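Down below is the structure, laid out as structure tokens.
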There are 2 protein chains.
Amino acid sequence: MRCEVVAVGTELLLGQIVDTNSSWMGEQLAAAGIDSHYQTKVGDNLERIVAALRIALSRNEAVIVCGGLGPTQDDITREAIAAVMNVPLERDDAVVERIAAMFSARGRSMVESNLRQADVPVGAVVIPQTRGTAPGLICPVGHKVVYAVPGVPHEMQEMLERAVLPDLQARAGTRSTIVSRVLRTWGLAESTLAEKVAPRLDALDAAGGNPTLAFLASGIEGIKVRITAKAPTRDDALALVEAEEAELRGLLGTIVFGVDDDTMESAVGALVEQFGLTVAVAESMTGGLVASRLVEVPGASQWFKGGVVSYASEVKYDVLGVPEGPVVSEPAAAAMAEGVAKLLGTDVGLSITGVAGPAEQEGQPVGTVFFGVAMDGRTDVVHVRLPGDRPRIRQYAAISLLDMLRRRLLERAPGP
Amino acid sequence: MRCEVVAVGTELLLGQIVDTNSSWMGEQLAAAGIDSHYQTKVGDNLERIVAALRIALSRNEAVIVCGGLGPTQDDITREAIAAVMNVPLERDDAVVERIAAMFSARGRSMVESNLRQADVPVGAVVIPQTRGTAPGLICPVGHKVVYAVPGVPHEMQEMLERAVLPDLQARAGTRSTIVSRVLRTWGLAESTLAEKVAPRLDALDAAGGNPTLAFLASGIEGIKVRITAKAPTRDDALALVEAEEAELRGLLGTIVFGVDDDTMESAVGALVEQFGLTVAVAESMTGGLVASRLVEVPGASQWFKGGVVSYASEVKYDVLGVPEGPVVSEPAAAAMAEGVAKLLGTDVGLSITGVAGPAEQEGQPVGTVFFGVAMDGRTDVVHVRLPGDRPRIRQYAAISLLDMLRRRLLERAPGP
């Protein structure tokens, strides 16, 4: 069973609204074991909505149209579906009553145009509206089907779960479920990662391609490896995913810092909490980026004390006790990490000093960064040269320092 | 000239990534006067990408394919375009050299698969990559054209502005030029803003709808008002835009903090620099977010000295000299602002202390925030209650403090 989502609305094409509805529906369809090979966005234009529906019906057994069910003149999804079904619209008295009831319940007066929402293509089944004034529609087209749902997210979501997905699964006559999990990795180029994972890709292909693997680049946040498995039950699919996760972790080791919604900072936070440590950070070029990531972790107040943004050199000297001299240097990074831990009284001190650009500094080229991690009586400093523009160099530096701390913590014990 | 965006990536169909690229491109195409009637999403499948491209070419003069240009096996946009052009792929030596150079610059080793990114359909023109390893492509198909750009947002955006839009406008060959300018506003709800601007909307409609106005909500960053004018020459269009900007500034006053790429921090930075002041910030709940925004401003080192992230109460007491007592309070905010200015020796001291949640603190409900601005011998503290979840409350608090400083600086002199 293949189902295409067609999102209707000129504002989507103009980028005035990001089409999160289609993403949400795509996720639900996958979880319900319904294949979704295309998604289409089309404006509020009858001829083009009809064309989009015809194309979608030509390559799928089912189509979900989202949006264009409102009361105004540019809400023409009903007309478009009727044209595709080649039937007229007929006003549905039951729907009229529900709309009238909703308006009186909200103490608002109903205008004539609201009754357009009660117009139903002949032969279509109404999905009663419970949240908004627009009903949904189940519209047979030959042996195929077009569903219409409102564009208001919470109305759409409720109707999809209550009426559309059950109807789709009944038609599909299948109950196969898809489960997927994302492994978060950091520190390898996509190509290098792909080579490490290649043996698994080959093995899975040979075994029939279930589960499947996909790589999703996430910029400076690393590369995601998505495992997707299909099985008759959720438990079976989950077992396949977990077996594959074990295989991949075996190949990738500490490159994997988390799964699904984990972030580098949440991974670091979990380890810091596990060891009962407290953390402080001294930042120059990143100007508080590392600290602002750490406080995003729920419960950070248990282990994160704070930090110093020592953007100007004199702040490094006067507040952190960095010895006079070059501030983009290994000694400065070490002194910043030790200084901030001493000033805030923490077990761990972190530091970043470098050149974000546009101009070089102290003869150091743009992209030069020194990272410091002071803990357990040992201060490590790493020196790198990062690519990109100012914001990118900063972002990259921030996550690099977090990963450096993560690896230092993993030395203390076997990883999660 | 009609142009369709085709976004490639199974992760988009599965809803694991929301397709913000297509929305951004739709906005740019509209601003450039290029019609965009459809957008399509398709998975990493050669046959289906080819089918999507053929359909897009059948109903448009131009197509932009986004994504699928990476080095891995599932990046097959190059192959799909070659199939549509009915030509083979040929390895481009110049691209190979650029890729090799990028890897050596980053001290990373290049593997064979990276060279797949140098494969170019015969007859296509390469858009040199400047940020990532994937080049873009301009691919003639009969008298029509297919552009290929990477799916990584900052790579895609740079290529679209540098190469794709200019090429599209040249092909459109329309004599009229379109100029648009975005007024950045902050502090008003969209409906309130729309009411203030209503007189201009009516006047412009009456005058034939040139220039046009559009509202673009940008979450906590405020609401953008885009002025778009069409005229035979760039100068004429620019004159229309500037006349309209003057009208709107008259209606909106200091609600407008900048234009186009201006940010709240760049607006603040310009004023601080104009007055020759230096700035320091003490942050609790925002954990460095304000500082990290300020250092994004080029030249910030001239006026931004740094700050203290006083996340734990003892850091407020010991490092900033906040008197013992409640730390989510007006006195604490005032002491933090004055304390950080004293510690770092700056003219201006800023502070944020509050409750980001999930739990209340010192009996103060989630969303409670106190802002402090200490300058010219006067310390202002503002107390607000912000809505939303942890990240949203933090983001909102950070930009609120920056706007508070901006307004305080505007008191000193007429705004820019």
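Predicted model only: the values in this text are computed from it and were never measured. In the text below, chain A, chain B and the rest are named by the order of the sequence lines, each starting its count at 1.
At a 4.5 Å heavy-atom cutoff, the contact between A/Ile17 and chain B is made by backbone atoms alone. For A/Asp389, the part lying near chain B is the side chain, with the backbone staying farther off; criterion is any non-hydrogen pair under 4.5 Å. Heavy atoms of A/Glu190 lying under 4.5 Å from chain B belong to its backbone as well as its side chain. Heavy-atom distances place the backbone of A/Met285, and not its side chain, under 4.5 Å from chain B. At a 4.5 Å heavy-atom cutoff, the contact between A/Arg226 and chain B is made by side-chain atoms alone. Contact of B/Val308 with chain A is made through backbone and side chain together, with heavy-atom distances under 4.5 Å. No part of A/Asp318 comes within reach of chain B, as not one of its non-hydrogen atoms sits under 4.5 angstrom from that chain. Interface remark: A/Ser313 contributes no atoms to any contact with chain B (heavy atom separation under 4.5 Å). Using a 4.5 Å cut-off between heavy atoms, A/Thr286 contacts chain B through its backbone alone, with no side-chain atom that close. There is no contact between A/Arg293 and chain B, counting heavy-atom distances below 4.5 Å. Heavy atoms closer than 4.5 Å to chain A are found nowhere in B/Glu155, neither backbone nor side chain. With a 4.5 angstrom heavy-atom cutoff, A/Glu283 does not touch chain B via any of its atoms. Proximity to chain B is absent for every atom of A/Pro358, based on heavy atoms less than 4.5 angstrom apart. If you measure heavy-atom distances from B/Asn45 to chain A, you find no contacts under 4.5 Å at all. Residue A/Val319 touches chain B through its side chain alone, counting heavy-atom pairs closer than 4.5 Å. Only the side chain of A/Ala194 comes within less than 4.5 Å of a heavy atom in chain B; its backbone stays farther off. Looking at A/Leu29, there are no atoms closer than 4.5 Å to chain B (heavy atoms on both sides), in backbone or side chain.
Separation of atoms NZ (A/Lys41) and OG (B/Ser22) is listed at 4.5 Å; rounding is to 0.5 Å. Note that CD of B/Glu27 is 12.5 Å distant from CG of A/Leu13, once rounded to the nearest 0.5 Å. Atom CD1 in A/Ile55 sits 5.0 Å away from atom CD1 in B/Ile55 (nearest 0.5 Å). Distance check, rounded to the nearest 0.5 Å: OG1 of A/Thr192 to CE of B/Met110 gives 11.0 Å. Atoms CZ and CZ, on B/Arg48 and A/Arg59 in that order, are 10.5 Å from each other to the nearest 0.5 Å. Interatomic distance, OG of A/Ser191 versus CZ of B/Arg116, reported as 11.0 Å (0.5 Å rounding).
Looking only at heavy-atom pairs under 4.5 Å with chain A, the residue among B/Ala359, B/Ala52, B/Ala356, B/Gly307 that has the most is B/Gly307. Options A/Leu14, A/Leu289, A/Leu344 differ in how many heavy-atom pairs under 4.5 Å they form with chain B, and the most are formed by A/Leu14. Contact tally against chain B (heavy-atom pairs below 4.5 Å) for A/Gly345, A/Gly43, A/Pro391: the top residue is A/Pro391. When each of B/Gln73, B/Arg131, B/His154 is checked for heavy-atom pairs under 4.5 Å with chain A, B/His154 comes out on top. Put simply, of B/Asn114, B/Val340, B/Thr133, B/Thr20, the one with the most heavy-atom pairs under 4.5 Å next to chain A is B/Asn114. The candidate from B/Ser113, B/Ala7, B/Ala30 with the greatest count of non-hydrogen atom pairs under 4.5 Å with chain A is B/Ser113. Most heavy-atom pairs under 4.5 Å with chain B: of the set A/Arg390, A/Glu195, A/His37, this distinction falls to A/His37. Among A/Gly306, A/Ala51, A/Ala214, the residue making the largest number of heavy-atom pairs under 4.5 Å with chain B is A/Gly306. When each of B/Thr72, B/Thr10, B/Val152 is scored by its heavy-atom pairs under 4.5 Å with chain A, the top score falls to B/Thr72.
In this structure the side chain of B/Val18 reaches within 4.5 angstrom of the side chain of A/Val18, judged on heavy atoms. Side-chain contact between A/Asp19 and B/Gln39 is absent, with no heavy atoms from C-beta onward closer than 4.5 Å. Taking 4.5 Å as the limit, every side-chain heavy atom of B/Lys305 sits out of range of all side-chain heavy atoms of A/Tyr311.
No side-chain donor from either of A/Gln361 and B/Ser301 sits under 3.5 Å from a side-chain acceptor of the other.
Looking at A/Lys224 and B/Glu11, no side-chain N of the basic residue comes within less than 4.0 Å of a carboxylate O on the acidic one, giving no salt bridge.
In A/Asp202, the CG atom is crowded: over 12 heavy atoms of neighbouring residues, nucleotides or ligands sit closer than 6.0 Å.
Closest approach of A/Phe215 to B/Asp74, counting heavy atoms only: N-OD2, 3.9 Å. Across all non-hydrogen atoms, the minimal contact from B/Gly288 to A/Ser292 is C-CB, 4.1 Å.
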Using the side-chain hydrogen bond (donor to acceptor under 3.5 Å, both in side chains) rule, take A/Ser23 and B/Gln16 through it: C-alpha gap first, then chi angles, then the decisive distance, then the call.
-> CA-CA 7 Å; A/Ser23 307; B/Gln16 292 173 334; over 6 Å; no
